[in-house]
Amino acid sequence: VYANVNVQPDAKVFDDPRWPAGTTHASLEPYYARVAEMLDVAPVPYAQRMPKREVFQFAARQLDVPVFDPAQSVHWPAGTVQPRATTRHRPCEFLAECEFGCQIGAKRTADTTYLADAEYHGAVVRPGRLVVGLRPVTDGYAVVHRNAQTGAEEVTVAKRVVLAAGTLGTNELLMRCRDEYGTLPALSRALGQGFSANGDFLGSIHEADVDLFPSFGPDVTSVMKFFDRAPEFTLAAPTFNEAVMKALSSLGQPSGRILHPVASMLWRALPWLVPQMFAHGLLSKPLKYLAPGELDWRRSTNLFAIGRDNANGELTLTSRGLDLVWDYAGENADLVERQRQAMSALTDYYGGNFEPLVF
């Protein structure tokens, strides 16, 4: 799940003493620049009119909050300067399907950039593999991976192995190798500690005063920065294609407390959930047990805040897989409340109704 957005962290992010020695904005800046060049990032063209961007930026000005259009790894239509653009990428058609993989191929993702270049230079890419084990051998490591289609297991030996299976995937693999398989017994007991949820906070606005044309444009157009005081966070208003916006609107707008147990899971599962809802006919009728009546999806928007939580979560390995132990709401109450207040204030310039989807 990656909505094209590429933003360099502010230098003050690295003031946190928990960063490893030598990890600073200055040390990473050259690599941010190299990634930006490879992905050919650029903000959405300013001349492209999008009501959802205009309303969001108007609200930011009224709130006196800095707002910017983030660089995005998208091949924009003619008129933008993107020297690395190739025939591999078609121009963006503003379908708001960025989270779902970009069906027309305007999104510059790892498979069409880094992996394509790696293959050109002789690398072998093996898709559809699930890594299930890792053990040291005489000249490096043996990686055990399972073919997702056939179930057959293979072993690849390499001098160096980089684990990039995401926060959950990498932690689970390493924990299994240490605690279940015993192949990496010397791994630190600190493994799984210091988990962060990116300070995520979700909300929605329904029945805005204007037609936001939410399904036109990239998912995210602009970002507000609430960096005037701690706890700091950014705020965006991502929207999706017509089918997804209709699905979200059909859920109504119940109290966030009703959705609290599943809100984060629903957000992350959208690319899988929506086709399933179509398949079972759930998108053809409002889910009235949550809220009677239908809401106008054209006057709806999602709200997504990302902040700096205290990163105090602890991942542990159980018989079911990974488990997370963390009193997030209690330990990050100030961040949660400030994010909620910002979303509520934003709603004053949209009209309509706001409700958080997390707490």
Side-chain angles (χ1 to χ4, degrees), residues 1-6 28 31-32 34-41 72-75 84-90 97-188 191-192 195 265 268-276 315 317-322:
V1 178
Y2 167 58
N4 316 323
V5 177
N6 292 261
L28 292 176
Y31 303 101
Y32 291 132
R34 288 172 61 178
V35 171
E37 181 181 7
M38 170 62 82
L39 298 183
D40 197 20
V41 302
Q72 304 197 36
S73 52
V74 175
H75 180 27
R84 289 183 59 89
T86 68
T87 55
R88 190 181 293 150
H89 299 92
R90 291 174 52 191
E97 295 182 346
C98 309
E99 297 276 7
F100 304 94
C102 186
Q103 297 183 48
I104 67 166
K107 185 175 179 178
R108 295 179 60 82
T109 46
D111 54 344
T112 62
T113 54
Y114 283 102
L115 293 181
D117 277 10
E119 283 190 305
Y120 178 79
H121 288 91
V124 176
V125 177
R126 296 179 181 173
R129 301 295 199 277
L130 175 67
V131 175
V132 295
L134 180 67
R135 64 178 184 269
V137 293
T138 302
D139 193 23
Y141 293 89
V143 181
V144 184
H145 46 96
R146 180 181 299 140
N147 188 306
Q149 290 185 322
T150 67
E153 290 190 357
E154 302 174 51
V155 177
T156 300
V157 176
K159 290 184 178 180
R160 294 186 178 89
V161 175
V162 177
L163 302 184
T167 301
L168 301 181
T170 297
N171 273 275
E172 181 172 359
L173 176 61
L174 289 176
M175 286 182 180
R176 289 194 184 281
C177 289
R178 184 190 65 187
D179 303 334
E180 185 176 331
Y181 310 142
T183 57
L184 298 173
L187 286 175
S188 170
L191 181 66
F195 176 84
M265 179 182 67
R268 303 296 182 189
L270 273 177
W272 171 87
L273 179 64
V274 172
Q276 296 298 315
L315 296 170
L317 187 64
T318 72
S319 59
R320 303 185 311 274
L322 284 185

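Small disclaimer: the values here were computed from a predicted structure and weren't measured.
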Worksheet item: What heavy-atom pair brings Ala142 and Val155 nearest, and what distance separates the two atoms?
Response: CB-CG1, 3.8 Å

Item to complete: Name all residues meeting the side-chain hydrogen bond (donor to acceptor under 3.5 Å, both in side chains) criterion together with Arg176; count only those two or more places apart in sequence or in a different chain, and write none if there are none.
Response: Glu172, Glu180

Item to complete: Grab the two heavy atoms, one from Cys98 and one from Lys107, that are nearest each other, plus how far apart they are.
Response: O-NZ, 2.5 Å

Item to complete: Would you indicate whether Tyr114, at its atom OH, is surrounded by more than 12 heavy atoms from other residues, nucleotides or ligands within a distance under 6.0 Å?
Response: yes

Worksheet item: Does Ser73 reach the main-chain N or O of Val41 with its side chain, forming a donor-acceptor pair under 3.5 Å?
Response: no

Item to complete: With the side chain counted from C-beta on, respond yes when Leu39 and Thr113 share a heavy-atom pair under 4.5 Å apart, and no when they do not.
Response: yes

Worksheet entry | Closest heavy-atom pair and its distance - Val132, Tyr181 | O-CE1, 3.3 Å

Worksheet item: Hey, which of Leu174, Leu317, Asp179 is the one that makes side chain to side chain contact (heavy atoms under 4.5 Å, CB included) with Leu191?
Response: Leu174

Worksheet entry | Pair Val131-Leu163, side chain to side chain contact (heavy atoms under 4.5 Å, CB included): steps then yes or no | CA-CA 10 Å; Val131 175; Leu163 302 184; 5.9 Å; no

Item to complete: Step by step, work out the side chain to side chain contact (heavy atoms under 4.5 Å, CB included) result for Ile104 and Glu97.
Response: CA-CA 10 Å; Ile104 67 166; Glu97 295 182 346; over 6 Å; no

Worksheet entry | Distance, nearest 0.5 Å, that separates CG of Leu168 from CG of Leu173 | 12.5 Å

Fill in: Atom of Gly182, atom of Pro185 and distance for their closest heavy-atom approach
O-CD, 3.5 Å

Worksheet entry | Check: Val143 main-chain N/O paired with Thr156 side-chain donor or acceptor under 3.5 Å | no

Worksheet, complete the sentence: residues 118-134 vs salt bridge (charged side-chain N to carboxylate O under 4.0 Å, His left out), sequence neighbours excluded, gives Arg129-Glu154

Fill in: Residue list, salt bridge (charged side-chain N to carboxylate O under 4.0 Å, His left out) with Arg146, at least two apart or on another chain
Glu153

Worksheet entry | Considering all heavy atoms, the nearest Leu315-Met175 contact | O-CE, 3.1 Å

Worksheet item: Where the side chain of Asn6 meets the backbone of Asn4, is there a donor-acceptor pair that is under 3.5 Å apart?
Response: yes

Discussion item. Go through it in stages, so that I can follow the logic: the residues are His89 and Asp40, the test is side chain to side chain contact (heavy atoms under 4.5 Å, CB included), and I'd like the CA-CA distance, side-chain angles, deciding distance and then a yes or no.
Written reply: CA-CA 11 Å; His89 299 92; Asp40 197 20; over 6 Å; no

Worksheet item: Of all heavy-atom pairs between Leu184 and Pro136, which one has the smallest distance, and what is that distance?
Response: CD2-CD, 3.8 Å

